[in-house]
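Numbers here simply count residues along the sequence, with the first being 1.
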Amino acid sequence: MYFLRRKLFGIAAAITCASLAVFTAPAVQAKPTKTQISAAVTGDKRLSAEAKQFYAQRGYQPIWVGNKNKNRAKALLNAVSRAADHGLPTAQYQVSALEDALRQSNGKNGAAAEAFATQIFLKYARDMSSGVLEPKKVDREIAVQPPRRSEAALLDAISRSSASGFFKALAPKHPDYARLLKEKQRLERLIGQGDFGPKVPVATLKPGTSSKNVVKMRDRLSAMGYGRLGSDAGFDEKLVKVVQQFQTNHGLKPDGVVGPGTIKVMNTSAEQRLRQVLVNLERERWMNRSRGKRHIVVNLADFSFNVYDNNRVTFTSVTVIGKVSKDRTPEFHDEMTHMVVNPTWHVPRSITGKEYLPILKKDPGFLARRGMRMVNSSGKSVNPANVNLAQYNAKNFPYSIKQKPSKGNALGLVKFMFPNKYNIYLHDTPSKSLFKREVRAFSHGCVRVQKPFEFAYKLLEKQTSDPKGAFHGWLKTGREQYVNLQQPVPIYLNYRTVFFAENGRVNYRNDIYGRDKTLFNALSKAGVALQAVQG
């Protein structure tokens, strides 16, 4: 269970000794016999059938014990001893017990050490390469599937590879992972030095004013990494620009006015930011795979999405996502296969029964005025005025509701499809004003796109010389038109509360769905803990 003693912060900051340890190679011991290793491996209930099969196929030759394997054993010890540097649960790798076992690895002891080392190796390799947690077991709305390598593949790779090279290659290669590690180290040093300093009192600070609270704000922003801002009590133009940068980096309206909302974010502790970094390191491990030359990343926490071509952003748009209290947009990965121009809205049953049925009971003409119709199971239109709607409720309402293509259609004029069991997709919307909001969580779960036409052009540029002309040709017909993408595009619906702008500046976002808290609690239960480093 996670806890953090305040005494660690400031005067007596904690230093994780394991992260500084350098292990010597285990002493040369008499190698255990194949029979001894066979008995130890096959009798170890902690090892899977797959791991046992690996040993059987190699005639029970060891990979950790014996003089021939000492460098591999040393590499394993050094790797697990530094697990906390990556926000992994060091205690689960039993570093001291593993070191002792490998130092006494002769005869039967050696056979037991071999089995124990394999158990620890498989746990560590899995955690480092694809995450500590099983996402959906922590939160059913996180339907991400980490790229788990088989135990046989991991054991075969370590047995054939340079050990030090193998362990270095386990961590995600995406630049954001290295950046998160760097941010983790920065925050640990700041915690050891006393956090970001005194908090800024909750009192609105406007450009041009002078106050002792401005000095406190300068001190706090300086500690956060926004430069040496001095101790002037005046809120001058230079400070306004710094505040605007801070607001941009935290998803706030960059107006330069430091109101209660900005002050609340500014007063967030380094400890809380470190929790966010640890959670987002785990999320990056869940995505430790090739994402595709062209791919789409929706960041739910940032209400935005980007198109990447060869790892460079080539298109970006803001979004509206699912409501916080209900209809939260899930996280998952899929492939965008087609778009629908002039879409018909097939109203989901959850909306039909809960929202439209009560309205129709009072106003049977509601649908007709909005270009909508009620249909029976045969697809035939039914006039709500001719049906005794009082006999139905949300559970037994037998009709469907559809809205014909139009500018007033709830899906707008185009939707972008990646068929999935959650019935989530990206789409246009007639409610354009919502894109101006700072927090944009208003949908029933799907993702509304501010620049849908421009996004359509971007998708079509790979398959036509005139993407804009082709799109508007379909649009002018007014008829529903399915347009397949010749090359499906991977799409990732993520939830990143810590990410990096193209200039490398770290950005933080609020945990609107509470998923950071849920994941951090799960990581803490697994043994992940915060560190504070002095110096």
Side-chain angles (χ1 to χ4, degrees), residues 9 176 179-180 182-191 193-277 280 299-304 306 313 316-319 433-441 450 496-512 516:
F9 298 155
D176 278 1
R179 291 168 178 160
L180 284 166
K182 189 174 181 180
E183 178 69 357
K184 174 180 177 289
Q185 293 166 1
R186 185 181 77 92
L187 291 168
E188 288 168 347
R189 288 194 298 270
L190 284 165
I191 292 172
Q193 295 164 8
D195 207 283
F196 295 134
K199 292 185 176 182
V200 181
V202 183
T204 299
L205 301 172
K206 295 183 178 180
T209 60
S210 181
S211 165
K212 62 181 180 180
N213 291 339
V214 173
V215 179
K216 292 180 180 179
M217 180 173 67
R218 287 179 182 272
D219 290 343
R220 197 159 178 90
L221 287 170
S222 293
M224 289 179 177
Y226 286 87
R228 297 180 179 180
L229 302 178
S231 57
D232 193 328
F235 197 162
D236 57 22
E237 282 300 314
K238 180 180 178 182
L239 186 57
V240 169
K241 291 180 180 179
V242 173
V243 167
Q244 289 175 323
Q245 183 64 62
F246 173 86
Q247 290 171 324
T248 297
N249 295 342
H250 292 80
L252 304 169
K253 183 179 179 181
D255 56 11
V257 176
V258 183
T262 297
I263 290 176
K264 180 180 179 181
V265 175
M266 198 175 290
N267 284 339
T268 300
S269 67
E271 177 186 330
Q272 174 57 30
R273 293 305 186 203
L274 181 54
R275 290 193 191 101
Q276 288 184 264
V277 168
N280 283 276
N299 185 351
L300 302 175
D302 185 45
F303 312 104
S304 69
N306 292 319
V313 176
T316 188
S317 178
V318 301
T319 66
S433 63
L434 294 178
F435 292 113
K436 298 177 181 179
R437 303 285 187 91
E438 195 171 274
V439 176
R440 298 186 292 276
Q450 185 188 37
R496 293 290 189 274
T497 54
V498 187
F499 61 94
F500 298 86
E502 286 193 273
N503 62 7
R505 171 71 77 167
V506 64
N507 276 242
Y508 286 93
R509 293 295 183 267
N510 289 333
D511 182 20
I512 57 165
D516 273 14

> Looking at side-chain heavy atoms only, is the closest gap between Leu300 and Ile512 below 4.5 Å?
Replying inline: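 Heavy-atom side-chain distance check fails, nothing below 4.5 Å.
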> Heavy atoms, side chains only, cut-off 4.5 Å: are Phe303 and Val318 in contact?
Replying inline: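 Phe303 vs Val318: side chains apart.
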> Taking it one step at a time, do Val506 and Val498 satisfy side chain to side chain contact (heavy atoms under 4.5 Å, CB included)?
Replying inline: CA-CA 7 Å; Val506 64; Val498 187; 3.8 Å; yes
> Please walk me through it: do Met266 and His250 pass side chain to side chain contact (heavy atoms under 4.5 Å, CB included)?
Replying inline: CA-CA 9 Å; Met266 198 175 290; His250 292 80; over 6 Å; no
What are the two closest heavy atoms between [X] and [Y], and how far apart are they?
X: Thr497; Y: Asp511; result: CG2-CA, 4.3 Å
X: Leu205; Y: Phe235; result: O-CE1, 3.4 Å
X: Val277; Y: Leu180; result: CG1-O, 3.5 Å
X: Val240; Y: Gly256; result: CG1-CA, 4.3 Å
X: Ala223; Y: Phe196; result: CB-O, 3.6 Å
X: Thr319; Y: Arg440; result: O-NE, 2.9 Å

> Gln245 and Asn249: side-chain donor and acceptor closer than 3.5 Å?
Replying inline: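 Yes.
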>> Do the side chains of Arg179 and Asp176 get close enough for a salt bridge, i.e. N-O under 4.0 angstrom?
In response: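 Yes, charged N to carboxylate O under 4.0 Å.
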>> Tell me whether Lys184 is salt-bridged to Glu188, with the criterion being a basic N under 4.0 Å from an acidic carboxylate O.
In response: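 Yes, charged N to carboxylate O under 4.0 Å.
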To the nearest 0.5 Å, how far apart are [atom1] in [X] and [atom2] in [Y]?
X: Asn280; Y: Arg496; atom1: CG; atom2: CZ; answer: 6.0 Å
X: Arg275; Y: Ser269; atom1: CZ; atom2: OG; answer: 6.0 Å
X: Glu502; Y: Asn306; atom1: CD; atom2: CG; answer: 7.5 Å
X: Ile191; Y: Arg273; atom1: CD1; atom2: CZ; answer: 12.0 Å
X: Thr262; Y: Lys264; atom1: OG1; atom2: NZ; answer: 12.0 Å
X: Asp232; Y: Leu239; atom1: CG; atom2: CG; answer: 9.0 Å

>> Filter on side chain to side chain donor-acceptor pair (under 3.5 Å), then keep only pairs touching residues 198-210, sequence neighbours left out; what's left?
In response: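 Qualifying pairs: none.
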> Residues two or more places apart in sequence or in another chain: which of them pass side chain to side chain contact (heavy atoms under 4.5 Å, CB included) with Val202?
Replying inline: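 Checked Val202 against side chain to side chain contact (heavy atoms under 4.5 Å, CB included); matches are Pro260, Ile263.
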> Is Gln247 reaching over with its side chain to a backbone N or O of Val257, donor-acceptor style, under 3.5 angstrom?
Replying inline: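 Checking the backbone N and O of Val257 against the side chain of Gln247, a donor-acceptor pair under 3.5 Å is found.
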> Counting N and O atoms only, with roles assigned by atom type, does the side chain of Ser304 sit under 3.5 Å from a partner on the main chain of Ser317, one being a donor and the other an acceptor?
Replying inline: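 Checked: no pair found.
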> Checking salt bridge (charged side-chain N to carboxylate O under 4.0 Å, His left out) for the pair Arg509/Asp516: CA distance, chi angles, key distance, verdict?
Replying inline: CA-CA 11 Å; Arg509 293 295 183 267; Asp516 273 14; over 6 Å; no
>> Does the Lys NZ or Arg CZ of Arg218 fall within the cation-pi geometry relative to Phe246 - under 6.0 Å from the ring centre and within 45° of the axis?
In response: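 Verdict for Phe246: no cation-pi partner in Arg218.
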>> If you apply the rule side chain to side chain donor-acceptor pair (under 3.5 Å), what do you find for Glu183 with Tyr508, and how did you get there?
In response: CA-CA 11 Å; Glu183 178 69 357; Tyr508 286 93; 2.6 Å; yes
>> Is it the case that over 12 heavy atoms from other parts of the model lie below 6.0 angstrom from the CG atom of Asn213?
In response: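 Yes, enclosed.
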>> Would Arg220 and Asp195 count as a side chain to side chain contact (heavy atoms under 4.5 Å, CB included) here? Give the steps.
In response: CA-CA 9 Å; Arg220 197 159 178 90; Asp195 207 283; 4.0 Å; yes
>> Show, in sequence, the C-alpha distance, side-chain angles and deciding distance for Glu438 and Leu252, and conclude whether the side chain to side chain contact (heavy atoms under 4.5 Å, CB included) test is met.
In response: CA-CA 7 Å; Glu438 195 171 274; Leu252 304 169; 3.5 Å; yes
